[in-house]
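Throughout, a chain's letter reflects where its sequence line sits, starting with A, and its residues are numbered from 1.
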Number of protein chains: 4
Amino acid sequence: MTQITDPEDDTDLPRRKWKQNPNGVRNDILEVAREIFAKKGLSGTRVEEIAARTSTSKRMIYYYFTDKEGLYREVLADAYRQTREAEDALELSGLPPAVALRKVADFTFDNHRRSQDFIRLVMIENVHNARYMPDASKMSGENSSVIRIIEEIYAQGVAQGTFRPGMTAVELHWHISALSYFNVSNRATFSHIFGRQLFDEEGQAILRQHVGDMILMLVQA
Amino acid sequence: MTQITDPEDDTDLPRRKWKQNPNGVRNDILEVAREIFAKKGLSGTRVEEIAARTSTSKRMIYYYFTDKEGLYREVLADAYRQTREAEDALELSGLPPAVALRKVADFTFDNHRRSQDFIRLVMIENVHNARYMPDASKMSGENSSVIRIIEEIYAQGVAQGTFRPGMTAVELHWHISALSYFNVSNRATFSHIFGRQLFDEEGQAILRQHVGDMILMLVQA
Amino acid sequence: MTQITDPEDDTDLPRRKWKQNPNGVRNDILEVAREIFAKKGLSGTRVEEIAARTSTSKRMIYYYFTDKEGLYREVLADAYRQTREAEDALELSGLPPAVALRKVADFTFDNHRRSQDFIRLVMIENVHNARYMPDASKMSGENSSVIRIIEEIYAQGVAQGTFRPGMTAVELHWHISALSYFNVSNRATFSHIFGRQLFDEEGQAILRQHVGDMILMLVQA
Amino acid sequence: MTQITDPEDDTDLPRRKWKQNPNGVRNDILEVAREIFAKKGLSGTRVEEIAARTSTSKRMIYYYFTDKEGLYREVLADAYRQTREAEDALELSGLPPAVALRKVADFTFDNHRRSQDFIRLVMIENVHNARYMPDASKMSGENSSVIRIIEEIYAQGVAQGTFRPGMTAVELHWHISALSYFNVSNRATFSHIFGRQLFDEEGQAILRQHVGDMILMLVQA
DNA sequence: CATGAATGAGATTTCATTCAT
DNA sequence: GATGAATGAAATCTCATTCAT
């Protein structure tokens, strides 16, 4: 990513992607680790394998992350951070509540599909009962932008009389998340049992439509 | 450890512990293994630990299940089998489609909450990309009773004109499952970020109600 | 030591000193470990080295002793146990107090000289601030036979009027130990600075004599 | 870490921290290293830990002391040097031999108690069989002031007829050292087994008295 | 002189599995 | 069927030391 390779440095020495490049090395490890942890889980991952796919050595992993668990924690925190950032980019001002809410649902559905590694990390972390989650302080849902966004939309809809009162943003977020998450997390077993149809483009379009429909009907009921 | 075998008691009588339980040892292993696999995953589980919590020794695990993976496969197949059996017990004949469909949703929501270990095994299996799933032949969704049940209800509703046509039972099942599953699978991370409110009795009642509502609105739209 | 090698077992298979001989293997490890720990200390010792000098593998060390520290603890406890046993063998009944007390001093002086590994383990353990000592319950000085022996001798001497009253057995033991211990523990540095004379046979005889003299004079003063 | 260097302050003036301390960095390292080596031994000590507690970096340790072993050697030599200096300060001229000798014993007993780190370094060095001791030339007991002091006292006592002839100063020093050293070196294990009484103020006073008594009786016998 | 980054070699420990009885 | 002992292969982690700037 932030590579600083010098083409002139063509000596016989073993090729190093970065000499003395702390962030380069650190990020390189982080990226590789994310992929492998997402694929194999914490206990299923070999530090060796991460090192092998890196431009550095196993030793550097311990240098920067103390131990395997430390690396896993960083990967997880990083993944959440990036997801937050993607959510922060959502721009919905000016839209009518119903339109905006569907946009949130669609965005979540699409974004989850795009972020398979993130979903897998969350699956894995749930198997661990959230033991390695970043400090609650950094994660608190209060200042989560999705929640704030949904809150605003919902409040506006209620004010306009188009949404029924009595619900919370977290509830709405929960429903949208559940449907969008399951679509990625359980694809393997679900398609094993019920076939792949729901996962081809047409099937996905139908599901996506349903998700938005259900959410809107829920608030408009 | 908790063994009750008496060296002098070398008669032909079956060992007391398993008197009414011919496959005693095997089932004992299976039960213990299910619990531990559900808690720690495949790679996170130690054969040692399973053996220790069993009334038998490690040797027997290999005797009955060949290897750790074999045991895991059996545990998984067993768990699915039991879930199927629970679903088969659903009796809805005679009810109007809308009532029946809500009952299916409620049942699924409740049943998932009760079957945490099963859900965890499914989570784990999805991390493994469904690599260890029982043969598709045994699992095929065609002969799944939930699907057949939903199919009947839906067909009836469409025939009566109360449900809109154009949907499939698998789609409906997908939505119900997603919402019911996420409620269990992601409780750890979700409550870490957004608090525990949705998981106390009141919160769960609300979510359960929403799930039924959304499904019904989806078919009645 | 407790070897059970069978000369008839001359197959092509790799030679094993003991197959399926738990105590053999365990004691073998313990003996080798004691020697090496005594020589190099806890952190200075390589598990590898212990294994290499054993008839088994590194793996067995972990099988029986959990980890390096566990092995060290056992070695230490074992060494203390053996020292106690040697002390228990002291037979002094019937001797006049002064003679008996000198015998205790002489025995301790000689026994320490013979038990270099034990002394070294105690040195090492003191460097660790006695962190790995066996449970105080097993070690309590109350039921230590040396203390009881000295107590009896001293009480008798006081009763007879040959020893002055007002001292404790632990104090006497302390002095005898200090002199006997230092003779072994500090030989290396002391002889480095002041030469080897005190450590040749003649020097040792003189020191030994002094130790007994001083103790007797102390109680007879 | 607690560095006070200012990048703009690139004058020729010596760094503030070491204004009156030309060998500042070196001595800083030495002091920290002494403490840690005394606590954990040679193999138990991490160069990393020394560096961390120093005002400099690891690099400087290697710059000044070549390697860990070199640093350890210097620490040890330094500790002996300081002990010698303390002994040199003893001023006993004019006192009657018996009084002077008890003063030497008392001084040694007290001085050892005060110099725990030194005693620990000696313990550690004895575990290493005195492999890292400073050159014998620097250390030779001949020019050791304690030995010379004791020699003088003893000679005077013999000349006066109050001390019996036939002993050497090294022997006397050996006894005093043994008792004073053990008091510090074996406190951990001894009190673990026999309790702490001998190590409280009263107990120590008794032991100290005994040590002087025994030495005096030994020469006066 | 000074520093943070980097590292090879090796140490400790783990784990599924098999063996001997 | 049953059991405790045994094990090879591999995984995690540590440490003194050197390098690049």
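- dA2(E) atom P lies 13 Å from atom CZ of Phe65(D), rounded to whole Å.
- Listed pair Tyr62(B) / dA16(E) fails the phosphate criterion, with no side-chain N or O lying under 4.0 Å from OP1 or OP2.
- Atom CG of Leu71(B) is separated from atom P of dT17(E) by 11 Å (rounded to the nearest Å).
- Residue contacts shown for Tyr63(C) include a base, since a base heavy atom lies under 4.0 Å away.
- Within 4.0 Å of Tyr64(B), counting heavy atoms only, lie sugar-phosphate atoms of the nucleic acid but no base atom.
- Using a 4.0 Å heavy-atom distance criterion, Thr45(C) is classed as a sugar-phosphate-only contact.
- Looking at Asp28(B) and Thr54(B), their side chains never bring a donor and an acceptor atom within 3.5 Å of each other.
- Checking the phosphate oxygens (OP1, OP2) of dA16(F), a side-chain nitrogen or oxygen of Arg46(D) falls inside 4.0 Å.
- Atom NZ in Lys58(B) sits roughly 14 Å away from atom P in dT14(E) (whole-Å rounding).
- Each of Thr66(B) and Met60(A) was matched to the nucleotide of DNA chain E holding its nearest heavy atom; the match closer to the 5' end belongs to Met60(A).
- Rounded to a whole Å, the CG atom of Asp28(B) is 15 Å from the C1' atom of dG1(F).
- Atom-to-atom, CD1 of Ile29(B) to P of dT3(F) comes out at 10 Å; the value is rounded to the nearest Å.
- Taking the six-membered ring for Trp, Tyr72(D) and Phe65(D) have ring centres at least 6.0 Å apart.
- With 3.5 Å as the limit, one finds a donor-acceptor pair spanning the side chains of Asp78(C) and Gln82(C).
- Here the P atom of nucleotide dT12(F) and the CD atom of Glu69(A) are 13 Å apart, to the nearest Å.
- Between Glu48(A) atom CD and dT14(E) atom P the separation is 19 Å, expressed in whole Å.
- Taking 3.5 Å as the limit, the base of dT17(E) and the side chain of Lys68(B) contain no donor-acceptor pair of atoms between them.
- Counting only heavy atoms from C-beta outward, the side chains of Met123(D) and Phe118(D) never approach each other to under 4.5 Å.
- Nucleotide dT21(E) has dA2(F) as its partner under the Watson-Crick or G-U criteria, with both atom distances under 3.5 Å.
- If you find the closest nucleotide of DNA chain F to Arg59(D) and to Asp67(A), the one lying nearer the 5' end belongs to Asp67(A).
- For the pair Ile50(B) CD1 and dA16(E) C1', the interatomic distance rounds to 11 Å; values are reported in whole Å.
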Does the pair Glu125(D) and Arg131(D) meet the rule for a salt bridge (charged side-chain N to carboxylate O under 4.0 Å, His left out), with working shown?
CA-CA 7 Å; Glu125(D) 184 56 10; Arg131(D) 184 197 306 213; over 6 Å; no

